[in-house]
Amino acid sequence: MTEAKLGRPPIEILNSHISQIEDFAGRGLTLHQIAVFLDVSDSTLDRWMKEPRIKRAYERGRFLAQNQVAGTLFSLALEGDVTAAIFYLKSQFGWTDRPKEEATAGSQVVFYLPDNGRGVVHES
């Protein structure tokens, strides 16, 4: 007599699942959202993600989308879109529009002592 296994039978990973994971990952869906769409539990999708072909599809989807958007942004920047150019330079090369802190080396700081009103110079 064989014992009955508890729980649902394993869900077969189909090629359509793999392409959907790649597509949805590229659209920015979370793993939870992908699991809901595929009608599997989060733990099932977590288990699937340990398989190289599933993990690769997820990473490929993210990469392809990032590459496409970055390419579009780059093209816009080269075509003279100032906003795109500024964003690209800030995100890719660390440009900033924050004012730089003034150099304090060699600056003088004057402290006024209230009891005699004389200034004391402190060199830094």
For the atom pair [atom1] ([X]) and [atom2] ([Y]), what is the distance rounded to the nearest 0.5 Å?
X: D46; Y: I54; atom1: CG; atom2: CD1; result: 12.5 Å
X: E22; Y: I18; atom1: CD; atom2: CD1; result: 9.5 Å
X: Y58; Y: L29; atom1: OH; atom2: CG; result: 9.0 Å
X: I13; Y: R53; atom1: CD1; atom2: CZ; result: 5.0 Å
X: R56; Y: E51; atom1: CZ; atom2: CD; result: 15.5 Å

Checklist outcome for this item: In short, K55 meets M49 closest at the heavy-atom pair CB-O, 3.3 Å

Item to check | Considering all heavy atoms, the nearest W95-K90 contact | outcome: O-CG, 3.3 Å

Checklist entry - What residues, two or more places apart in sequence or in another chain, satisfy ring-ring contact (aromatic ring centres under 6.0 Å, His included) together with F63? => result none

Next on the checklist: Does Q66, at its CD atom, have more than 12 non-hydrogen atoms belonging to other residues, nucleotides or ligands within less than 6.0 Å?
Outcome noted: no

Would you give me the side-chain donor-acceptor pairs under 3.5 Å for residues 34-42, sequence neighbours excluded?
unit_1, atom_1, unit_2, atom_2, d
S41, OG, S43, OG, 3.1
S41, OG, T44, N, 3.1
S41, OG, T44, OG1, 2.9
D42, OD1, H32, ND1, 3.0
D42, OD2, H32, ND1, 3.0

Show me the side-chain donor-acceptor pairs of residues 77-87 shorter than 3.5 Å, one per line, residues at least two apart or across chains.
unit_1, atom_1, unit_2, atom_2, d
D81, OD1, T83, N, 3.1
D81, OD1, A84, N, 2.9

Next on the checklist: Please determine whether residues L89 and L73 belong to a single hydrophobic cluster, defined as Ile, Leu, Val, Met, Phe, Trp and Tyr linked transitively by side-chain heavy-atom distances below 4.5 Å.
Outcome noted: yes

Checklist entry - Quick one: does I11's side chain get under 4.5 Å of W48's, heavy atoms only? => result yes

